[in-house]
Amino acid sequence: MSHSYWSTFAGLIATPFQHASLVWGIVPLYFALLLNEMTSAKANFRTAIQTGFSFLWAAAQRIYPYFTHAANSPRIGLNTRLPVNLMVTAFVVVFGAIALFSGLRRRYPKYCSFLGYTRFGNYFMIAIFPIQAHYLEWTWDRLAAIAIFAVPIWLALHFGLMPVRNRN
């Protein structure tokens, strides 16, 4: 069973790099993840700006297929799981806008200081990217794989980049 989740997770990570049209959307998310991993773990207004940018970038990439009819269209139709995709994209836009606005304003709305923590948010934006870009479908196995590998990926990034992060 764990082999199945591993291959599902590997497929989620590899899919954006197998399609040239997705690379421009995923590379900035990886860059943002690495940049965020090299900064302080504390939530601050600079990290809120980073969160806002990452979320809005991911949302723009997800909305883009609705406005184009490229020859290299996604493998699955745009109507497949449309309500789920639109709901997730709407949440990403709202959280991204609030985070960006909070960072620029240097003040969080009540109960929204969690938006200053960008590390985990970027992981989820990367993991669900091929699903939201309509190259893979939403399935319970994919959702489980994202959840199962969240903590190991976070630990690997946290401890793997600790020597670089502590270099002040």
Side-chain angles (χ1 to χ4, degrees), residues 5 9 12-13 16 22 24-67 78 80-168:
Y5 287 126
F9 182 74
L12 286 168
I13 301 303
L22 294 182
W24 75 271
I26 195 73
V27 169
L29 294 176
Y30 275 104
F31 181 73
L33 176 67
L34 289 175
L35 179 66
N36 294 332
E37 285 296 328
M38 292 190 197
T39 60
S40 172
K42 290 183 178 181
N44 59 42
F45 299 113
R46 189 187 76 196
T47 58
I49 291 171
Q50 291 171 333
T51 300
F53 174 77
S54 294
F55 279 32
L56 291 175
W57 181 266
Q61 171 64 21
R62 293 169 188 167
I63 294 170
Y64 180 73
Y66 293 103
F67 297 105
L78 292 179
T80 306
R81 305 272 193 236
L82 185 63
V84 175
N85 282 354
L86 290 176
M87 184 180 67
V88 171
T89 300
F91 280 127
V92 171
V93 167
V94 168
F95 284 139
I98 292 171
L100 186 62
F101 188 67
S102 297
L104 293 173
R105 230 178 59 161
R106 296 191 163 287
R107 185 166 182 249
Y108 294 110
K110 193 172 187 177
Y111 306 116
C112 290
S113 64
F114 70 92
L115 293 172
Y117 294 100
T118 59
R119 294 176 177 178
F120 226 55
N122 277 328
Y123 163 75
F124 286 111
M125 292 300 103
I126 290 169
I128 67 173
F129 184 82
I131 299 169
Q132 286 296 108
H134 309 286
Y135 279 78
L136 298 173
E137 291 188 33
W138 280 101
T139 64
W140 288 110
D141 284 343
R142 289 189 177 114
L143 192 59
I146 291 167
I148 289 168
F149 287 99
V151 173
I153 294 295
W154 177 77
L155 288 172
L157 288 171
H158 179 73
F159 290 112
L161 294 174
M162 196 176 279
V164 176
R165 191 180 312 116
N166 290 334
R167 267 201 230 172
N168 299 338

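Because only heavy atoms are used, hydrogens play no part in the values below, and waters and symmetry mates are left out as well, while side chains stay in. Numbering starts at 1 and runs along the sequence shown.
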So, taking the atom named CZ in Arg142 and the one named CG in Leu136, what distance separates them when rounded to the nearest 0.5 Å?
4.5 Å
Qualifying residues under side-chain hydrogen bond (donor to acceptor under 3.5 Å, both in side chains), relative to Thr89, sequence neighbours excluded:
Gln132
Which residues satisfy the ring-ring contact (aromatic ring centres under 6.0 Å, His included) test with Phe31, sequence neighbours excluded?
none
In terms of heavy-atom contacts, does CZ of Arg105 have more than 12 from other residues, nucleotides or ligands at under 6.0 Å?
yes
Using side-chain contact (heavy atoms from CB on, under 4.5 Å), reason through Val27 and Tyr30 one step at a time and then give a plain yes or no.
CA-CA 5 Å; Val27 169; Tyr30 275 104; 5.7 Å; no
Taking side-chain contact (heavy atoms from CB on, under 4.5 Å) as the definition, give me every residue that meets it alongside Leu34, ordered by chain and number, with sequence neighbours left out.
Leu161
Where do Leu33 and Leu157 land on the side-chain contact (heavy atoms from CB on, under 4.5 Å) test, with the steps shown first?
CA-CA 9 Å; Leu33 176 67; Leu157 288 171; 3.8 Å; yes
Can you see which heavy atom on Gly25 is nearest to which on Trp57, and at what distance?
O-NE1, 3.1 Å
What pairs with Phe9 under side-chain contact (heavy atoms from CB on, under 4.5 Å), at least two apart in sequence or on another chain?
Trp6, Ile13, Tyr123, Ala145, Phe149, Ile153
Heavy atoms only: give me the nearest Val93-Ala59 pair and the separation to one decimal.
CG2-CB, 3.3 Å
How about CZ on Phe101, more than 12 heavy atoms from neighbouring residues, nucleotides or ligands closer than 6.0 Å, or not?
no
Would you please test Val94 and Phe55 for side-chain contact (heavy atoms from CB on, under 4.5 Å) and show each step?
CA-CA 9 Å; Val94 168; Phe55 279 32; over 6 Å; no
Spacing of CG belonging to Asp141 relative to OH belonging to Tyr5, to within rounding of 0.5 Å
5.0 Å
Quick one: pull up CG in Leu29 and CG in Asn122 and give me the separation to the nearest 0.5 Å.
6.5 Å
If the condition is side-chain contact (heavy atoms from CB on, under 4.5 Å), which residues does Pro109 pass it with, not counting sequence neighbours?
Ile98, Ser102, Cys112
Looking only at heavy atoms, what is the nearest atom pair of Leu12 and Ala127, with distance?
CD2-O, 3.6 Å
My understanding is that only residues two or more places apart in sequence, or in another chain, count here; which of them pass side-chain contact (heavy atoms from CB on, under 4.5 Å) with Leu22?
Pro16, His19, Gln61, Phe129, Ala133, Tyr135
